[in-house]
Engineer: 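Please see the structure below; I have some questions.
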There are 2 protein chains.
Amino acid sequence: MKKSHQKKKEILSPGLRGRIWIDGAEGTFLGYGRIILLEQIREYGSITKAGKSMEMSYRHAWELVDSMNRQAPAPLVAAVTGGKGGGGARLTEDGEKAIDLFWKLHADFQTFLAKEEKTLGIPKIKTGKRSKN
Amino acid sequence: MKKSHQKKKEILSPGLRGRIWIDGAEGTFLGYGRIILLEQIREYGSITKAGKSMEMSYRHAWELVDSMNRQAPAPLVAAVTGGKGGGGARLTEDGEKAIDLFWKLHADFQTFLAKEEKTLGIPKIKTGKRSKN
DNA sequence: ATACGTAATATAACACAGGGAATAACGAAA
DNA sequence: TTTCGTTATTCCCTGTGTTATATTACGTAT
């Protein structure tokens with residue numbers, strides 16, 4: 001099992017940071033973690049394996065998929081139970097489009113952050129490690 | 001006590017959303033909640049009252065202030081103990097500058113979100129309420 | 001019919017961030 | 001020297017969100 005998308009390592013370099021996501025009728029519809037999950041489902045063909053590859057409980061992974069499917073006009077993930085291998089999950093065409101859309105947004109956002117950080121400077125940050133007092 | 005900045009009401013309209021913040025050596029240095037807290041401290045001259053106005057425990061408010069002061073080259077909040085009224089807290093010049101800087105970033109970010117939402121459409125969202133199945 | 005591995009769902013156990021209480025320190029003013 | 005309200009600090013405890021575990025449903029292939 002590939003481990004390219006396990007837990008954030010909590011990178012700690014000073015600077016401008018941010019997150020973007022798309023809200024739906026119930027709250028978050030698409031965000032960074034959900035997109036990674038979709039990509040892992042595409043790779044493994046299984047919610048179980050996708051979740052494990054991200055060190056995410058099956059329950060959480062399933063809830064995210066369910067949330068996306070319920071808020072989208074048509075499901076992003078099609079899951080089947082039973083059958084050969086017990087079933088599985090695959091991305092729909094809309095699922096693929098969601099991934100593409102989000103990465104476009106993400107790229108624009110990274111550009112925005114870099115430009116903003118340069119123009120506004122973000123000057124007032126202590127660079128060294130913290131001192132006790 | 002004014003209540004203009006109590007708890008978020010969790011607005012739920014579909015669309016592009018996001019948050020930005022500035023990281024320091026220990027993690028978050030400046031973010032939306034911290035800026036509001038700074039403004040409330042400026043208004044009330046007290047960490048205690050500022051925290052209460054945001055329905056935030058004094059402990060939490062103090063930790064945020066401490067975190068900002070430790071990560072900044074010079075304190076954003078100057079607190080004094082004792083004296084008439086028991087003491088208090090006021091913003092430093094750097095504290096004022098932090099507020100200004102963040103709101104500039106915030107304004108640019110809102111503009112970015114609006115523009116991005118328009119150009120990329122954000123099409124695949126169910127508008128009506130959720131159905132059980 | 002049986003086996004198999006996953007989806008789907010329910011229940012129990014757990015971790016921990018944060019709240020609240022309690023206490024000490026503080027120093028100007030009366 | 002007493003009072004007063006705040007800052008500063010510690011400790012306990014609980015709510016809640018998460019994980020872990022268990023159970024059921026499912027359907028194709030053998």
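Letters A, B, ... mirror the listed sequences (proteins, then strands); counts begin at 1. Note that these values count all heavy atoms, side chains included, but never hydrogens, waters or copies made by symmetry.
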Engineer: The side chain of B:K49 lies closest to which of these nucleotides: D:dT6, C:dT6, C:dG20?
Structural biologist: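 Nearest listed nucleotide: D:dT6.
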Engineer: The criterion is side chain to side chain donor-acceptor pair (under 3.5 Å); which residues satisfy it with A:R90, sequence neighbours excluded?
Structural biologist: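 For A:R90 there are no side chain to side chain donor-acceptor pair (under 3.5 Å) partners, ignoring immediate neighbours.
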Engineer: Rounded to the Å, how far apart are B:K52 NZ and C:dG19 P?
Structural biologist: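 After rounding, the gap between these two atoms is 14 Å.
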Engineer: Taking atom C1' of C:dG18 as reference, at what distance in whole Å does atom CG of B:L64 sit?
Structural biologist: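 B:L64 atom CG is separated from C:dG18 atom C1' by 11 Å.
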Engineer: For the pair made of CZ in B:R59 and C1' in D:dC13, what is the distance, rounded to whole Å?
Structural biologist: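 Between C1' of D:dC13 and CZ of B:R59: 11 Å.
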Engineer: Please report the distance, rounded to the nearest Å, between CG in B:D66 and C1' in D:dA8.
Structural biologist: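 After rounding, the reported distance stands at 10 Å.
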Engineer: May I have the distance from A:I47 (atom CD1) to C:dT9 (atom C1'), rounded to whole angstrom?
Structural biologist: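 Answer to the nearest Å: 13 Å.
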Engineer: Under 4.0 Å from OP1 or OP2 of D:dT7: is there any side-chain N or O of B:S46 that close?
Structural biologist: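 Affirmative; the distance criterion is met.
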Engineer: If each of B:G82 and A:G83 is mapped to the nucleotide of DNA chain D with the nearest heavy atom, which maps nearer the 5' terminus, i.e. the 5' end?
Structural biologist: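 Here B:G82 is the residue nearer the 5' end.
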Engineer: What's the CE-P distance between B:M56 and C:dG19, to the nearest Å?
Structural biologist: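 Rounded to the whole Å, the gap is 8 Å.
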Engineer: Reckon B:T48 has a side-chain N or O less than 4.0 Å from the OP1 or OP2 of D:dT7?
Structural biologist: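 Checking B:T48 against D:dT7: at least one side-chain N or O falls below 4.0 Å of OP1 or OP2.
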Engineer: Between D:dT6, D:dA8, D:dC11, spot the one nearest the side chain of B:A79, thanks.
Structural biologist: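 Output: D:dA8.
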Engineer: With a 6.0 Å cut-off on ring centres, are A:F102 and A:F29 close enough?
Structural biologist: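 They do not qualify: ring centres at least 6.0 Å apart.
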Engineer: B:V77 and B:M68: side chain to side chain contact (heavy atoms under 4.5 Å, CB included), yes or no, with the steps?
Structural biologist: CA-CA 8 Å; B:V77 173; B:M68 289 187 275; 5.6 Å; no
Engineer: Examine C:dG19: is either OP1 or OP2 under 4.0 Å from a nitrogen or oxygen in the side chain of B:S57? Give yes or no.
Structural biologist: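 Checking C:dG19 against B:S57, a side-chain N or O does come within under 4.0 Å of OP1 or OP2.
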Engineer: Under 4.0 Å between a side-chain N or O of B:K84 and OP1 or OP2 of D:dC4?
Structural biologist: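 It does not, given that no N or O in the side chain of B:K84 lies less than 4.0 Å from OP1 or OP2 of D:dC4.
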Engineer: Taking for each residue the nucleotide of DNA chain C with the nearest heavy atom, is it B:G85 or A:W62 whose nucleotide lies nearer the 5' end?
Structural biologist: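 Its nearest nucleotide being more 5', the pick is A:W62.
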Engineer: Taking the side chain as every heavy atom from C-beta outward, state whether A:Q40 and A:I36 have any atom pair closer than 4.5 Å.
Structural biologist: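 The answer is yes, as the side chains (C-beta and beyond) meet within the 4.5 Å cut-off.
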Engineer: Among residues two or more places apart or on two chains, list those pairs meeting side-chain hydrogen bond (donor to acceptor under 3.5 Å, both in side chains) that have a residue in residues 100-111 of chain A.
Structural biologist: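 Every pair satisfying side-chain hydrogen bond (donor to acceptor under 3.5 Å, both in side chains) with a residue in residues 100-111 of chain A: A:E39-A:W103, A:H106-A:Q110.
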Engineer: Could you give the OH-to-P distance, from B:Y58 to C:dA21, as a whole number of Å?
Structural biologist: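 One finds 16 Å between P of C:dA21 and OH of B:Y58, rounded.
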Engineer: Of all the nucleotides listed (C:dA8, D:dA8, D:dT7), which has the minimum atom distance to the side chain of B:A89?
Structural biologist: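 Side chain of B:A89 sits closest to D:dT7.
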Engineer: Please report the distance, rounded to the nearest Å, between NE2 in A:H60 and C1' in D:dT21.
Structural biologist: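 It works out to 18 Å between those atoms.
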